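First the structure, in the form of structure tokens, and then the observations on it.
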Amino acid sequence: MVSTDSGRNAATFDLPAYLAERRAQVETALERSLPVVYPETIYESMRYSLMAGGKRLRPILCLASCELVGGSLDIAMPTACALEMIHTMSLIHDDLPSMDDDDYRRGRLTNHKVYGEDVAILAGDALLAYAFEFIVRETKGVAPQPVLSVVQRLGKAVGAAGLVGGQIVDLASEGQTDVTVETLNFIHMHKTAALLEASVVSGAVLGGADEIVVGQLTRYAQRIGLAFQIIDDVLDITSTPEELGKSVGKDVEAQKITYPSLWGLSESKQQAQQLIQEAKDELASFGDRRQPLVAIADYITARTN
Ligand code: FPP
Ligand code: MG
């Protein structure tokens, strides 16, 4: 068992054990978050995607940043679960025939392949609405203002100023050969980094972080968010469906402009590495407490799925 005190250092920090412990805690909380009641079909469809595994990176980041600023896991767990509900919703909709038309996600058939498109759309809608209800209903021991701030940050991260904005520019860029690196950055800062940023910052806000810390963690999250996407693009070329649990080679097939298509594989990996270094530099003032967030940043470029 990994202790959660601030005394561990880089040499002794065991990231696999830390991630396994946090993942198990998140799985337990998610399992309890969504019982199946009437009308069963919609709850089963929501649970099918929510409980399909995954790295649980967003909840873990939220919990880690709450602990970084001295907060407890309990106060951030409802928001951690809500982040996974929102992320799951975005993937259900992203996989729909009208968007990326994918058959596999997290190693199993996509939601619409099992339940049909109509139910999958509704499952996404219901998960999104429930995420906000869940934060407000389940967050205990935190003053109303930080909870409102979290709700506002998540709303922004999901809407046209976040996920939806990134997705729409992504869809509009498909098949275009003149996509610039600025457009690619816009897509990923919104489609990927916005929710990662909300995950990190929400945990810190619930834990009582001040504006300076919120600024440091915002910059940390934006950099790991972009690096995460660069590595996603790299893995789409270098990985296998078995490793990723979803189809690979889709970007090349759809003639999508990606970081590797603009920079090549080697330069893409180097750029991701540089972003990760900058992200870690933002955490310099936190002493040993920063170890989980430092190790997670390193894991983003080292990951194979
Ligand atoms: C995966 O990207 C998709 C996302 C990160 C989010 C997509 C956002 C939406 C569908 C907007 C949903 C929001 C609302 C409120 C309905 P990808 O296709 O590049 O990666 P993949 O290979 O994992 O599919
Ligand atoms: Mg997709």
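Note that ligands are numbered from 1 as they come in the structure, with each ligand's atoms numbered from 1 the same way. Keep in mind it's a predicted model, so treat the numbers as computed, not measured.
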Give the residue, atom name and distance (to 0.1 Å) of the protein heavy atom nearest [atom].
atom                    : result
atom 14 (C) of ligand 1 : Met89 SD, 3.6 Å
atom 7 (C) of ligand 1  : Gln167 OE1, 3.2 Å
atom 22 (O) of ligand 1 : Lys246 NZ, 3.2 Å
atom 16 (C) of ligand 1 : His93 ND1, 3.3 Å

Check each atom of ligand 1 against the heavy atoms of [X] and keep those under 4.0 Å away; list them by number with element.
X      : value
Val158 : 15 (C)
Ser90  : 6 (C), 10 (C)
Arg105 : 21 (P), 23 (O), 24 (O)
Val164 : 13 (C), 14 (C), 15 (C)
Leu128 : 15 (C)

Run the salt-bridge test on [X] and [Y] with the 4.0 Å N-O cut-off and return the result as yes or no.
X      : Y      : result
Glu67  : Arg290 : no
Glu31  : Arg47  : yes
Lys256 : Asp170 : yes
Arg56  : Glu27  : yes
Lys113 : Asp102 : no

Open item on the list: Would you say that more than 12 heavy atoms from the other residues, nucleotides or ligands in this model lie under 6.0 Å from the NZ of Lys156, or not?
Closed with: no
*Within a reach of under 6.0 Å around CD of Glu211, are more than 12 heavy atoms found that belong to other residues, nucleotides or ligands?*
no
The Mg ion (ligand 2) -> Asp94, closest N, O or S atom is OD2
Restricting Asp100 to its N/O/S atoms, the closest one to the Mg ion (ligand 2) is OD2
Problem set entry | Close approach, His87 and ligand 1, non-hydrogen under 4.0 angstrom | no
For ligand 1 and [X], I'd like to know whether there is a polar contact (N/O to N/O, distance under 3.5 Å).
X      : answer
Asp95  : no
Asp170 : no
Asp94  : yes

Check: of Lys191, Gln229, His190, min heavy-atom distance to atom 19 (O) of ligand 1 comes from Lys191
Between Leu226 and Ala193 the two heavy atoms that sit nearest each other are N-CB, 4.3 Å
Do Ser239 side-chain atoms and Asp236 backbone N/O form a donor-acceptor pair below 3.5 Å?
no
Checking heavy atoms under 4.0 Å, the part of Asp100 that sits near ligand 1 is side chain
- Item | Cation-aromatic face contact Arg23/Tyr18, 6.0 Å, 45 degrees | no
> Does the gap between the ring centers of His188 and Phe228 come in under 6.0 Å?
Replying inline: no
